[in-house]
A.B. asks: 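Mind looking over this structure? Questions follow.
Whatever order the structure lists ligands and atoms in, that order sets their numbers, starting from 1.
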Amino acid sequence: MARRKKVYEGKAKILYEGPEPGTLVQYFKDDATAFNAEKKDVIDGKGVLNNRLSEFFMTGLNQLGVPTHFMKRLNMREQLIRAVEVVPLEVIVRNYAAGTLAKRLGLEEGTMLPRPIVEFCYKDDSLGDPLVAEEHIIAFGWASQQDLDDMVALALRVNDFMTGVLYGVGIRLADFKIEIGRVWDGDFQRLIVADEISPDSCRLWDIETGRKLDKDVFRRDLGDLADAYTEVARRLGVLPSNATHLPKPTLIN
Ligand code: TYD
C-alpha cells in the first residue's frame, strides 16, 4: 500500500493525510526535545505511551462534551483526528507554581496557586514561544475576544477533568499546555482541543512522594522518561497489552 502523504512533521509527531477529507492521521514519534529543541534524544516507547495517554484523556473529554480533535486510535503509534486550523497559541493552565512561572515571579516550585491561572504563549519556535497578553492576541488578530473567552473556558474544563482523573490515581496536575483548533460546521466556527494531551505537555507529581512523572524527568535528567510515563499509563489502566517498555533482551551464552 502506498504510504500516506506527509502533511507536517513536528518535534514529537507527524501528520499524514487522513482517509476522508477533513481528517488526518497523527503519528507519535519517540523523539524527545526540550529547551526549544536544544536538548534532544530518542526515548524507546515514548510515542506508543503518548498515543495511548492522549487517546485516554481526549476520549474522556469527548464523553463529557468537551470537544477534541480525537476520533479513534488506529494502531500503536497512530490516531485518526479531525483536521483543524490551529490557533497559534499555547494555552497553559497552572495549578501549582513550576517552570517559567516559578522563575518569573520568584515562587518556590510546588506553591499552590490561589486559583488556576491561564496563560498564553505565541507559537513561534524562532522566538522561543514568548508569553503574550490578551491585548497582543487581539491586536495582532491571532484570536478574537470571543475566541479568547471560549479558549479560557475550554482550558478550565480540561483542567477540571484532568485534575480529577489524575488525583484519583495519586497524581497532582501542576500545570499543562493544550493547543486549540478551529473547525467549521457550515458558517459556524467551533473551538476544539487539538494536538495531544500527554506527560510531554503536563507537569505531573506523585502526591505521596513528589516524584516527577512528566517531561521534567528528561529536561532535568531525573531518570528514565519511559519509566515515568509507563507509571502514569499503568495507574490510569491504559497500558497496552503488548508492553511498550520492556528491558532489552540480553544475550545468553
Ligand atoms: P512552562 O513552565 O511555561 O515552560 P517550561 O516547560 O519550558 O518550563 O510550561 C508550563 C507547562 O506547559 C509545562 O507543563 C510544559 C507545558 N508547555 C509545553 O508543553 N510546550 C510549550 O511550548 C510550553 C511553553 C509549555
A.B. asks: Strictly under 4.0 Å, does any heavy atom of Glu119 approach an atom of ligand 1?
C.D. replies: no

A.B. asks: Just which atoms of ligand 1 are under 4.0 Å from any heavy atom in Gly99?
C.D. replies: 2 (O), 8 (O)

A.B. asks: Applying ring-ring contact (aromatic ring centres under 6.0 Å, His included) as the test, list every pair that has at least one member in residues 123-172; sequence neighbours left out.
C.D. replies: Tyr122-Trp142, Phe140-Trp142

A.B. asks: Out of Lys177, Lys11, Lys215, Arg203, who gets a non-hydrogen atom closest to atom 9 (O) of ligand 1?
C.D. replies: Arg203

A.B. asks: Hey, are Asn159 and Thr163 close enough side-chain-wise for a donor-acceptor pair under 3.5 Å?
C.D. replies: yes

A.B. asks: Go through the structure and list residues passing salt bridge (Lys or Arg N to Asp or Glu O under 4.0 Å) with Lys5, not counting sequence neighbours.
C.D. replies: Glu17

A.B. asks: Taking only non-hydrogen atoms of Lys123, do any sit less than 4.0 angstrom from ligand 1?
C.D. replies: no

A.B. asks: Before accepting this row, confirm whether a basic side-chain N of the pair Asp221/Lys39 lies closer than 4.0 Å to the acidic partner's carboxylate O.
C.D. replies: yes

A.B. asks: Just which atoms of ligand 1 are under 4.0 Å from any heavy atom in Cys202?
C.D. replies: 14 (O)

A.B. asks: Any ion pair linking Lys13 and Glu179 (charged N to carboxylate O, less than 4.0 Å)?
C.D. replies: no

A.B. asks: To check your reading of the model: name the closest protein heavy atom to atom 15 (C) of ligand 1, its residue, and the distance in Å.
C.D. replies: Arg219 NH2, 3.6 Å

A.B. asks: Got the closest protein heavy atom to atom 21 (C) of ligand 1, with its distance?
C.D. replies: Glu90 OE1, 2.9 Å

A.B. asks: Which of these, Ile197, Ile92, Val158, sits in a side chain to side chain contact (heavy atoms under 4.5 Å, CB included) with Phe176?
C.D. replies: Val158

A.B. asks: Among all the protein's non-hydrogen atoms, which is closest to atom 7 (O) of ligand 1, and how far away is it?
C.D. replies: Thr100 CG2, 4.2 Å

A.B. asks: Number the atoms of ligand 1 from 1 as they appear, then name those within less than 4.0 Å of a heavy atom of Asp129, with their elements.
C.D. replies: 22 (O)

